[in-house]
J.: 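Please read through the structure below; I'll follow up with questions.
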Number of protein chains: 2
Amino acid sequence: MLKYIDNKDIFKECGIKKTKQRNILLNILKEEEEPLTAEEIFIKARERDKYINLSTIYRTLNIFISKDIAIKLNLEKENKSMFQLNMMDHQHHIRCISCNKKIRIDKCPIIGYEYFIEENTNFHIIGHKLELYGYCSKCKDKKQ
Amino acid sequence: MLKYIDNKDIFKECGIKKTKQRNILLNILKEEEEPLTAEEIFIKARERDKYINLSTIYRTLNIFISKDIAIKLNLEKENKSMFQLNMMDHQHHIRCISCNKKIRIDKCPIIGYEYFIEENTNFHIIGHKLELYGYCSKCKDKKQ
DNA sequence: TTTTTGTTGCAAATCATTTGCAATTATAAT
DNA sequence: ATTATAATTGCAAATGATTTGCAACAAAAA
């Protein structure tokens, strides 16, 4: 769980420099349960660094995403992206209905959606199950 | 299945005027299996109406979405939306783990994702199962 | 320290999408 | 059919999110 790993170690592991700005942003993501827009993160960041710039927010978030520290959610309704600490806490698979091969799917498409559904249904969502199925590349070829 | 309903009847049902431009756009969506960007739709539309404007594309797509003729997908990677005919072919639910109440979820979050996963795994995806679960508004309140 | 390399702030650019408005077209009313 | 009405379109310009070039700066390596 990323949340409990020291920032310093996360940055080292990712091979990026530890800076005041990145530290602030990672802390914000760690503290936050809900996904945030870049703008919201910016506002929170300004409370801790009066001069931090919005482009630094975007650049840092993009690095975090490329290093799997964060994930980016594109909710249906919004015209802007939301960002969240990568929870890495559950896993989905896609299964071949011919040979039964399973492979992991590394990004969960539901995280942002849960949030969206919570707002629309007034449910408090605890979890979900998702299974994709189809034909793997080999079995797909065999069929023809 | 929307695909097999006459455009004229779709427009009437939705209470919007039948115009050449809307007709072209609905045909493009009907003919296409894959989701398309507004730009891609625009290019295809230009082949049929030399003077159709990009803002008409956007306006029309937004109307189609509000009338549930089309759906909008926000894939993780892309910074632009994709649009697709609303297939209306399967249904998901959210279930209350306390009282077992079920309510329908009208937009499937997986459609665009399947497409994305196909590209990344080389699977041919046939379908998926998704179930969300949590506490409904009443049960949520009771707990406190 | 000094050097090297990566990171930041700023301003300007870019790109997708939306909007105001006048001209045009579809439908309803005559 | 013809006219009146209300909705739709094309155009140009605006908007809003995100990215980028560049010079100044800060972190890590030497």
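So that the names make sense, note that chain A is the first sequence line, chain B the second, and so on, each numbered from 1.
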J.: For residues A:Lys3 and A:Lys30, report the shortest heavy-atom separation together with the two atoms involved.
T.: CE-O, 3.2 Å
J.: For the pair made of NZ in B:Lys8 and P in C:dT27, what is the distance, rounded to whole Å?
T.: 11 Å
J.: Phosphate oxygens OP1/OP2 of D:dT19: is one of them under 4.0 Å from a side-chain N or O of A:Asn62?
T.: yes
J.: Indicate yes or no: does A:Glu31 engage A:Arg48 in a salt bridge with an N to O separation below 4.0 Å.
T.: yes
J.: Whole Å only: how far is the NZ atom of B:Lys80 from the P atom of C:dA16?
T.: 5 Å
J.: Out of A:Ile52, A:Leu25, A:Ile41, A:Ile65, which one pairs with A:Thr60 under the side-chain contact (heavy atoms from CB on, under 4.5 Å) rule?
T.: A:Leu25
J.: For B:Lys17 and for A:Gly15, locate the closest nucleotide of DNA chain C by heavy-atom distance; then report the residue assigned to the nucleotide nearer the 5' terminus.
T.: A:Gly15
J.: For B:Asn79 and C:dT17, what is the distance between atoms CG and P respectively, to the nearest whole Å?
T.: 8 Å
J.: Any idea which heavy atoms bring A:Phe42 and A:Asn53 closest together, and the distance?
T.: CE1-C, 3.9 Å
J.: B:His124 vs A:Tyr135 aromatic rings, parallel, tilted or perpendicular, using cut-offs 30° and 60°?
T.: parallel
J.: Donor-acceptor pair under 3.5 Å: do we get one between B:Lys18's side chain and the base of C:dT27?
T.: no
J.: How many whole angstroms separate atom CZ of A:Arg48 from atom P of C:dT8?
T.: 16 Å
J.: Rounded to whole Å, please give me the gap between CD1 in A:Ile24 and P in C:dT8.
T.: 10 Å
J.: Which part of the nucleic acid, if any, lies within contact of A:Ser81, taking any heavy atom under 4.0 Å across all strands shown: a base, the sugar-phosphate backbone alone, or nothing?
T.: sugar-phosphate
J.: Side-chain heavy atoms nearer than 4.5 Å, only ILVMFWY residues, links allowed to pass through others: does that put A:Leu36 and A:Ile43 together?
T.: no
J.: Using OP1 and OP2 only, check whether a side-chain N or O of B:Tyr58 sits under 4.0 Å from C:dT18.
T.: no
J.: Tell me the interatomic distance from B:Met82, atom CE, to C:dA16, atom C1', rounded to whole angstroms.
T.: 14 Å
J.: What is the separation between atom CG on B:Leu36 and atom P on C:dA16, rounded to the nearest whole Å?
T.: 15 Å
J.: From A:Ile125 CD1 over to B:Cys96 SG, what is the distance, rounded to the nearest 0.5 angstrom?
T.: 11.5 Å
J.: Encode nucleotides 9-15 of chain D as B, S and - characters from 5' to 3', where the letter depends on protein heavy atoms closer than 4.0 Å: B to the base, S only to sugar-phosphate, - to neither.
T.: BBB----
J.: Nearest whole angstrom, please: distance from the P of C:dT17 to the CG of A:Asn74.
T.: 11 Å
